[in-house]
Each structure stands twice: as structure tokens, then as C-alpha cells.
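Here's the structure we're looking at; comments come further down.
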Amino acid sequence: ADLRLSPAFWSPGSGHLLLTGVSSSDLPLSVFSTSGAGFSIRQLEARWNVRRGKLTADGSGAFDFLQVPVPTPGSPIREARIEGVSLSFLIRGKSLLIPKLAGTFEGSQVDGTGEIKGVLSPRNSMMTLYLRIQNPFEGRVGLLFDMLSKNAKNVTLRIVGTLSAPTGEFQFF
């Protein structure tokens, strides 16, 4: 981690953060090992400002993977692991907005957007991510999706819950 603060370090009005090589297994939160959720940050960079008590930030990141459990009854997949994730984000007040997320899921391209409300309180946060799986029938899980929904043209992975315990659900269209 590399953290740089504005010259008044006792009351930083701005700063720059660079994280590399951090994963959920490095954190002392048991929720990751018990929930099945996890991540591995390759590199994450953010710049922030605090003006009149309001936080604004923007940044981007690259993750080796993001993993969420999929506890939906009848789902053929118990967890969704999105590989090679790249994203951009904004923090406005207490919400983290993700206008762009891309990666792969079982060989198919994934893109999406999302929001995490209360991002500074992981146990009380509320997350909603909508990820579109492009050409789901081309990936390794295409047969499973084909068995579930013969007429589906699109698959969306909706991830909801708290930041420390997200869950996923596949929706077929």
C-alpha cells in the first residue's frame, strides 16, 4: 500500500492511495472465509478530496478475481468467480458508484455497473451490481445455462447484499 496525504497530514483534505497484491484472505474478517465471498486486488488507485465535510473520490482498479456465492435454490452454480476484472469507480458522500466493470465468467465476457451505499461501513453497506454475461452459451457453463433456459438470449448476474457478505443470482432473459 502507498498512501499519500495532503501537506496537512493531521487533517488531510486530499490524498492518493495505491494498493497492490491485497486479497480477502489477507484481511482479518472471518466473513470472507465463511460466506464464500472473496477478491484479489492486482492494483487499485484512488484520489480523494474532502471539502466541507463531503468526500469525493475517483479511481480505477484491476482485480485477479471477484467471487460471490450464489445461494439461489436450483442454481447449477454455487459461486460466481469473475476473472480479470477491471473497473472504474467514484465515491460521492457515502456511496461508491461503479460506472464500468469488465471481466470474464467461465470464458464469457462480462460487463456491468453498480452501487455500494455506505461503503465506509462494510457490515452495514448495501451493494447492488448488475453484470451482463455476453454470449453465455460460448463459455464453459453454456450447457448448464442451456438446460435451465432454452429460450434465454441474455444472462444477468445480480449481486446484492452487504459489502462483506454479497450474494449472487442469475436472471435469464
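When every heavy atom of Leu44 is checked against every heavy atom of Gly61, the shortest pair comes out as CD1-CA, 3.9 Å. The shortest heavy-atom contact between Gly13 and Ser6 is N-OG, 3.1 Å. Here the closest heavy-atom approach between residue Ala80 and residue Leu157 is recorded as CB-CD2, 3.6 Å. Taking every heavy atom of both residues into account, Ser125 and Gly118 meet most closely at CB-O, 3.3 Å.
Contact of the Ser95 side chain with the Glu115 side chain is registered, since non-hydrogen atoms from C-beta on lie closer than 4.5 Å. In this structure the side chain of Trp48 never reaches within 4.5 angstrom of the side chain of Asp58, judged on heavy atoms.
No donor-acceptor pair closer than 3.5 Å links the side chain of Thr113 to the backbone N or O of Pro99. Proximity of a side-chain donor or acceptor of Arg92 to a complementary backbone N or O of Ala57 within less than 3.5 Å is detected. Put simply, the side chain of Ser24 gets close to the backbone of Phe39: a donor and an acceptor are under 3.5 Å apart.
Here the rule is side-chain contact (heavy atoms from CB on, under 4.5 Å) with Ile116, and of Met127, Met126, Lys94 only Met127 fits it. Just one residue in the list Ile159, Val160, Ile82, Leu66 forms a side-chain contact (heavy atoms from CB on, under 4.5 Å) with Leu129, and that residue is Ile159.
The CZ atom of Arg158 lies 11.5 Å from the CG atom of Leu131; values are rounded to the nearest 0.5 Å. Here the CZ atom belonging to Arg42 is positioned 11.5 Å from the OG1 atom belonging to Thr20, to the nearest 0.5 angstrom. Considering NZ of Lys100 and CG of Asp111, their distance stands at 9.5 Å, rounded to 0.5 Å. Annotation: the span from Thr56 atom OG1 to Asn49 atom CG amounts to 5.0 Å, rounded to 0.5 Å. Leu3 CG to Leu5 CG: the interatomic distance, rounded to the nearest 0.5 Å, is 4.5 Å. Rounded to the nearest 0.5 angstrom, Glu45 CD and Ser60 OG are separated by 6.0 Å.
The pair Arg81-Glu79 does not count as a salt bridge, with every side-chain nitrogen at least 4.0 angstrom from each carboxylate oxygen.
At a threshold of 4.5 Å between side-chain heavy atoms, the hydrophobic network of Ile, Leu, Val, Met, Phe, Trp and Tyr places Phe89 and Val50 in one connected group. Residue Ile98 is not grouped with residue Phe65 when hydrophobic side chains (ILVMFWY) are merged at heavy-atom distances under 4.5 angstrom, including chains of intermediate members. By the criterion of side-chain heavy atoms lying less than 4.5 angstrom apart, applied directly or through intervening Ile, Leu, Val, Met, Phe, Trp or Tyr residues, Leu96 is grouped together with Val22 in one hydrophobic cluster. Hydrophobic clustering (ILVMFWY, side-chain heavy atoms < 4.5 Å, transitive): Leu18 and Val85 are in distinct clusters. Note: the hydrophobic cluster containing Leu90 does not contain Ile41 (ILVMFWY, side chain heavy atoms under 4.5 Å, direct or indirect links).
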